[in-house]
Each structure stands twice: as C-alpha cells, then as structure tokens.
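Quick note on labels: first sequence line is chain A, next is B, and so on, each numbered from 1.
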There are 2 protein chains.
Amino acid sequence: MRDVRAAGKETVPAKRLPTLEDVAARAGVSRATASRVVNADPRVGRSARESVQAAIRQLGYRPNRAARSLVRPDADSIAVVVPEAEERVFSDPFFSAILGAIYTKLADSPVQVLLAVAPPGKRDKIDRYLRGGYTDGAIVVSHHRDDGISDVLREIQLPAVYIGRPHAGDVGLPYVDVDNETGGMLAAQRLIDGGRRRIGTVAGPQDMASGFDRLTGWRRAMAQAGLADDLVEYGDFTAASGGEGMLRLLEREPNLDGVFAASDLMAVSVIQELQGSGITVPEDVAVVGFDDSQMAKLTRPPLTTVLSTTTGMAGAAVEMLLTLLGGGQVEHVILPTELVPRDSA
Amino acid sequence: MRDVRAAGKETVPAKRLPTLEDVAARAGVSRATASRVVNADPRVGRSARESVQAAIRQLGYRPNRAARSLVRPDADSIAVVVPEAEERVFSDPFFSAILGAIYTKLADSPVQVLLAVAPPGKRDKIDRYLRGGYTDGAIVVSHHRDDGISDVLREIQLPAVYIGRPHAGDVGLPYVDVDNETGGMLAAQRLIDGGRRRIGTVAGPQDMASGFDRLTGWRRAMAQAGLADDLVEYGDFTAASGGEGMLRLLEREPNLDGVFAASDLMAVSVIQELQGSGITVPEDVAVVGFDDSQMAKLTRPPLTTVLSTTTGMAGAAVEMLLTLLGGGQVEHVILPTELVPRDSA
DNA sequence: CTGTTAGCGCCTTCAC
DNA sequence: GTGAAGGCGCTAACAG
C-alpha cells in the first residue's frame with residue numbers, strides 16, 4: 001500500500017528505504033562486510049568498518065527486521081498473549097499493571113513486544129500471530145482452561161511462560177504466579193479476626209487457577225474457623241460481575257457481615273452495591289479485595305486488599321522467558337502474597 | 001534461538017513450520033498455485049483449490065508474515081506510537097482507553113497492531129520499529145512538540161495520523177482531536193456559573209496542543225467573565241503532578257474557591273490534596289476535571305468533568321489511517337466536547 | 001487456469 | 001579480513 005499515495009493517476013513509488021546493498025555500495029565494500037559491521041562481527045578491518053559506519057549514518061540505514069528474521073532463527077521479538085476481550089484488557093488495572101511492567105522491563109533491550117489480544121472465541125488471529133515466525137517466545141497472561149493457547153504453543157514449539165498458573169492438564173509449563181491460595185486465606189482471616197461470622201465471597205472464574213485458588217484459600221480459612229463456606233457467588237473479575245455477585249449474595253443472606261471479592265475491581269462495585277442498598281462499609285459489612293491495585297486507595301472507605309505483586313510477576317516472567325530463549329531451563333516461580341489493611345475491613 | 005533447546009549437548013532443530021512449498025508438494029501443485037489459494041486469487045481451478053486447502057489444513061500451515069512483508073508493499077500491520085514512559089502509558093486511563101478502542105476497532109480485521117512505547121529521550125527503538133518495514137502506517141498518540149516523531153515519519157514516508165493535534169510546525173498532518181479549547185471554556189464556565197470567583201487551574205504541559213488549548217479555553221472564559229486568569233500552575237497530566245500543582249496554587253492563593261484540572265488524573269489528586277488540607281469539596285473549593293475517565297465516578301465527591309470521547313478519537317483515527325492506506329485523502333477531525341456535571345463542582 | 005522464473009533484504013557458509 | 005554465492009518463504013510477472 002505504501003506506493004499508492006499518488007497525486008493524480010500516476011503512482012509515485014515510495015522512496016525506497018536504504019538497504020544493506022546501498023550501504024555496501026556507498027562504503028565500497030561487499031554486502032557481506034557491511035552485514036558484519038552491522039552485526040558487530042569482530043573480523044572486519046578497521047578502515048572497512050569505519051567507512052561502513054559512515055555510510056550507515058549518512059543513509060540513515062536500519063536493518064529490515066522482516067528480512068533478518070527470515071534468515072535468522074531468532075526474531076528478537078516476543079508476544080504477550082492475552083486471551084481476553086480488548087475492552088477488558090485495557091480497562092482492568094491488573095492487565096495494565098502487567099503490561100506496563102513487561103514493557104518497562106524490556107525498555108532497554110532490543111526485544112520488541114507484540115501485544116496479541118484474543119477475544120475469547122476467535123483464536124484465529126492469535127494463531128496467526130504466533131505462527132508466522134515473527135516471535136521468539138510468548139508470555140501468556142490470562143490463561144483459561146479451554147482457551148487452547150497452550151496447544152498452539154506446544155504445537156509450534158514456541159518457548160512460553162505463563163503469568164498465572166495454567167490449569168491442571170497443562171502441567172510442566174513454566175509459570176509465575178502469586179500464592180493465590182494463601183492470599184484467599186489472608187482475606188478470609190482478616191474478616192474472621194474482625195469478628196465477622198457470616199462471610200460470603202464473590203469468587204473469580206473457576207476455569208482460571210487464580211479464581212480457583214483464591215476460593216480454595218478462603219474455604220480453608222473458613223473451615224479452620226468453623227464457619228460455613230456456602231455463601232459463594234461467582235464473577236469474572238470485572239467490576240460489573242462484582243456488583244451482580246453482591247446482589248445475589250444479599251438476596252441469599254441479607255444478614256451477611258463480611259465479603260471477600262476475588263479482585264479489587266469486583267470489590268469496588270461490591271462496595272458501591274452495598275452502599276447503594278444503604279448498607280455501611282465496614283460497619284455493617286466488611287469488604288476485602290485482591291490485587292492492591294491503584295484504585296484500592298481511591299474507594300471510600302479505602303479498600304483492604306491482598307497485595308499480589310504484578311510487577312514482580314511480570315518481571316519474573318520476562319526473565320524466565322529470556323532464560324528459556326537463551327537455551328536455559330526454568331522452574332515455576334511463586335511469589336508471596338500479603339494483606340494490605342485499610343479501612344474497608 | 002529457537003533451535004537451542006536441546007536435551008544434552010546436541011542441538012535439536014526446532015520442528016520446521018510447514019511452508020508454502022510443503023503445502024504445494026502435498027497438494028501436488030506448484031508454489032504459485034498454492035500461494036493463489038492462500039491469497040484468495042479467483043483464478044484457480046476448483047480441484048486444485050480444494051486439494052491445496054486440504055493440505056493447508058492437514059499441515060496446519062500459516063503464511064509467514066515476515067516473508068510476505070518482504071515481498072509485498074504492505075504488511076497488514078500498523079504501529080501505535082506513544083512517546084511516553086512505559087509506566088505512564090499503562091497507568092494513565094486516557095491511554096488505556098485509546099489503546100483499548102484501537103484494538104477493539106481492529107479486532108475483526110487482519111491488521112496487526114504493534115505498540116511502540118517510546119520513553120522520551122530514547123527514540124532509537126521507535127525509529128527501528130518504524131523503519132524495518134514492518135508497518136504500513138502509524139497512529140501517534142501523545143505527540144510532543146520536540147519528540148521528533150513526525151520527522152521520522154515524514155522521512156520514511158509512512159502514512160500516519162495523530163491523536164491529538166500536532167503542535168504548530170507540523171501543519172498539514174492528519175489528526176483527530178477533541179475541541180480542547182471549548183472544553184476548557186466549559187470547565188471554567190461551570191465554575192463561574194457556580195458562583196466561584198477566585199479560580200485557578202492546574203494546566204497540562206504546554207508542549208502538547210491538548211494542554212495548551214485547554215488552558216486557552218479556560219483563559220478565554222475567565223476573561224469573558226471579567227475574572228483574573230493569573231492563577232495557573234502546570235502539571236503533566238499525571239496524578240502526582242496534579243497534587244503538586246494544587247499545593248503551589250494553595251500557597252499562592254489560600255482563598256481560591258475553584259480549580260480546573262486539565263486531566264481527571266490530576267483532578268483526583270487535586271481533590272485529595274484539598275481534602276488532606278482540611279478543605280471541603282465542593283463547598284470550599286469546586287473542582288472540574290477533564291476526560292470523563294472511569295475514575296471520575298469513583299472519587300468522593302464524584303468528579304464533574306469534561307467528556308472527551310477517547311473511543312471516538314481512536315475510532316476516527318483508525319478509519320483515517322485505513323483510508324490513507326487505501327490511497328485516499330483525509331482531513332483532520334475535531335470531535336465535540338461536553339460537560340459532565342457531577343458533584344465536585 | 002497453472003507452472004516457471006525472479007527477486008524482496010539479509011545472513012552465512014565457503015573460498016580466497 | 002573480505003567477497004561471491006546460495007537460500008530463508010513468499011509473491012508477482014511472464015509464459016504457456
């Protein structure tokens with residue numbers, strides 16, 4: 001398409017970008033030598049090197065990555081795969097934090113990041129992304145049990161690391177995660193220690209390990225305290241689903257006095273739903289979230305939540321992938337979790 | 001790197017992905033014919049087409065984009081360029097909204113999106129991104145006067161559209177923007193209509209048209225109302241800078257009764273700063289923000305702000321770029337702005 | 001309709 | 001140290 005921008009009927013060819021050939025010609029050497037200079041190959045004579053460098057500067061030459069990746073096994077580029085709807089990925093602070101950390105971590109490296117967002121259902125696009133040979137490896141961020149991502153990755157043998165433990169069935173895959181189960185326990189314990197007895201939870205999706213494990217942790221703490229763990233409703237980590245879950249909880253048990261929402265986003269609308277019903281937080285009902293995202297400080301009252309270090313996960317994932325790409329082996333990494341007490345519980 | 005993952009010392013070559021050649025062989029046709037099928041070229045016999053399609057399915061073939069882009073003028077891929085620090089891009093809801101809208105808009109098209117985040121100062125990486133021939137066009141999101149992006153774009157003749165009017169000097173570039181000046185007026189007017197008389201503003205960066213224009217609008221409304229427009233402090237649209245600006249404003253004029261913050265993010269911390277100083281919003285000081293981002297509803301009191309339709313801008317930008325890529329001409333687009341009254345002013 | 005023939009820009013043996 | 005030559009996977013004329 002680049003050559004269609006014409007004034008009238010004629011087609012004006014786009015100014016051709018300088019190629020290695022041009023550089024070589026200008027420097028009076030062969031393509032091979034020019035290539036060596038570009039790739040910092042030591043065995044090039046001083047004068048040859050200098051004239052090539054000069055030519056590069058004058059022409060404003062940049063290697064064409066497409067051509068390079070065609071002939072090199074590695075493409076210096078990784079894909080960040082997020083099997084969630086676009087709107088979601090860019091509005092949920094959890095993803096923002098993860099993405100930001102990944103980009104930041106890679107800021108000083110020449111590695112390019114390709115962000116592949118895959119609305120559930122149409123994996124086609126991601127498939128093409130991954131195949132196509134554009135990328136050396138992948139970081140998968142929000143893995144669901146049946147999204148098929150791991151199958152593709154396995155099939156094309158693309159090194160990958162998962163942020164968030166893949167569900168059973170995908171064992172042996174390298175991943176980094178926070179200790180979600182302990183996190184769930186911490187949340188429940190906070191509520192219990194605060195004297196709450198009728199405690200419910202708006203859990204996360206059960207086809208994701210994070211959702212599943214947080215609920216498990218909550219259950220365990222409840223059991224240890226001898227409390228009933230029947231008050232469970234499910235959301236999908238989004239704000240909307242949090243409010244709806246709270247509503248159902250309220251219908252089933254108007255007298256509940258504590259709620260654990262498995263994500264801050266859900267916690268925010270849990271609080272709004274509560275307050276909208278004339279219920280006071282934390283006096284009537286205490287609320288604990290999960291993630292310690294930015295918004296936790298903004299709610300009224302400020303949200304008591306569980307810190308899951310997104311930056312830590314992203315950083316670890318990047319390092320693991322780089323290790324993998326370098327031919328190394330990696331194990332999974334589990335980061336600790338921590339209660340961040342504020343005023344909502 | 002893909003072939004280094006070996007068990008011991010030996011190098012196990014990564015399973016080679018199927019190529020067009022393989023497909024052709026399996027289907028018993030020539031590469032050219034296979035290629036035609038892949039590209040939906042009508043002039044292929046029915047039986048040939050079918051056997052090629054079968055081969056594609058059996059082999060799990062996907063075209064290699066790198067190879068394709070090497071030989072085709074267009075790469076079916078656009079770059080979204082954001083000359084801001086990584087942390088910033090992924091934490092500021094304005095960017096999130098824009099990016100989400102762009103990805104969403106392109107969800108059903110085969111166009112790939114390359115997100116190029118360029119920390120100010122090191123444009124190198126972006127340069128390489130843009131050159132390299134990977135992309136057909138670019139959408140530039142947060143253009144500063146001297147970031148040099150437009151120069152590179154012009155030099156390599158890459159079709160581009162700007163979200164946010166480029167500063168003077170870069171005239172003639174296609175862009176989409178909201179009517180920032182009117183927005184600034186709307187904000188000031190709201191304060192004035194509310195009976196405020198000593199009104200300040202935490203303005204945006206003046207090397208960005210959005211920052212500049214919002215301030216201009218505010219000034220104009222103030223002048224029309226016969227009020228002084230000297231109470232101006234500058235931020236860079238981030239939360240931190242908003243609080244600091246408010247602090248300086250308060251030092252200069254402890255008795256001010258209204259503030260216009262040029263972004264919601266700044267407005268949020270303006271409110272926090274105010275409340276932290278024992279000042280009540282909106283009773284003592286009324287606050288108006290800009291953007292109508294998600295968080296505007298979350299503050300206490302909810303933030304009165306100016307709606308700038310990020311989705312609208314992103315959508316228009318994508319369409320303009322696509323038009324450009326198709327060889328068409330485009331003009332700039334200015335979207336209207338609107339006051340969203342809530343409780344903070 | 002289909003096959004043959006050239007490259008796209010780059011890197012990498014292999015000779016010199 | 002340097003050049004010549006071949007090929008990565010694909011598409012685009014050009015012939016039939």
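Nearest nucleotide to the side chain of B:Ala67, out of D:dA12, C:dT2, D:dG9: D:dG9. Side-chain proximity of A:Arg68 to the nucleotides C:dG9, C:dC11, D:dC10 is greatest for C:dC11. Across D:dG9, C:dG3, D:dC8, the shortest atom-to-atom separation from the side chain of A:Val71 is found for D:dC8. Comparing D:dG1, C:dG3, C:dC8 by their closest approach to the side chain of A:Arg43 singles out D:dG1.
Spacing between atom CD of A:Glu50 and atom P of D:dG1 amounts to 15 Å, rounded to whole angstrom units. In this structure, B:Glu21 places its CD atom 11 Å from C1' of D:dC10, rounding to the nearest Å. Summarising the geometry, the separation between CG on A:Leu59 and P on C:dG9 is reported as 13 Å, rounded to the nearest angstrom. What separates CG of B:Asp41 from P of C:dC1 is a distance of 10 Å, to the nearest Å.
Nearest-nucleotide positions on DNA chain C place B:Arg49 closer to the 5' end than the other of B:Arg49 and A:Leu70. Two residues, B:Thr19 and A:Pro42, neighbour DNA chain D, and the one matched to the more 5' nucleotide by heavy-atom proximity is A:Pro42.
Residue-level contact check: A:Leu20 touches the backbone only, with heavy atoms under 4.0 Å from sugar-phosphate atoms and none from bases. Looking at heavy-atom distances under 4.0 Å, A:Val29 makes contact with sugar-phosphate atoms alone, never a base.
Taking a cutoff of 4.0 Å between a charged side-chain nitrogen and a carboxylate oxygen, A:Glu86 and B:Lys105 do not qualify as a salt bridge.
Phosphate proximity of C:dC11 to A:Asn39: present, with a side-chain N or O under 4.0 Å from OP1 or OP2. Note on A:Thr33: every side-chain N or O is 4.0 Å or more away from OP1 and OP2 of D:dT2. The side chain of A:Ser30 places no N or O atom within less than 4.0 Å of a non-bridging phosphate oxygen (OP1 or OP2) of D:dT2.
In this model, a side-chain donor or acceptor of B:Arg31 finds a partner on the base of D:dT11 within 3.5 Å. Donor-acceptor pairing under 3.5 Å, judged by distance alone, is present between the side chain of B:Arg36 and the base of C:dG3.
Aromatic ring centroids of B:Phe95 and B:Phe90 lie 6.0 Å or more apart.
Each of B:Ile139, B:Leu158, B:Leu114 was evaluated against B:Ile78; a single residue qualifies, B:Ile139, per the side-chain contact (heavy atoms from CB on, under 4.5 Å) test.
Taking CG of A:Asp136 as the start and CD of A:Gln112 as the end, the distance is 10.5 Å to the nearest 0.5 Å.
In this structure, B:Pro174 and B:Leu324 have side chains that are in contact, with non-hydrogen atoms separated by less than 4.5 Å.
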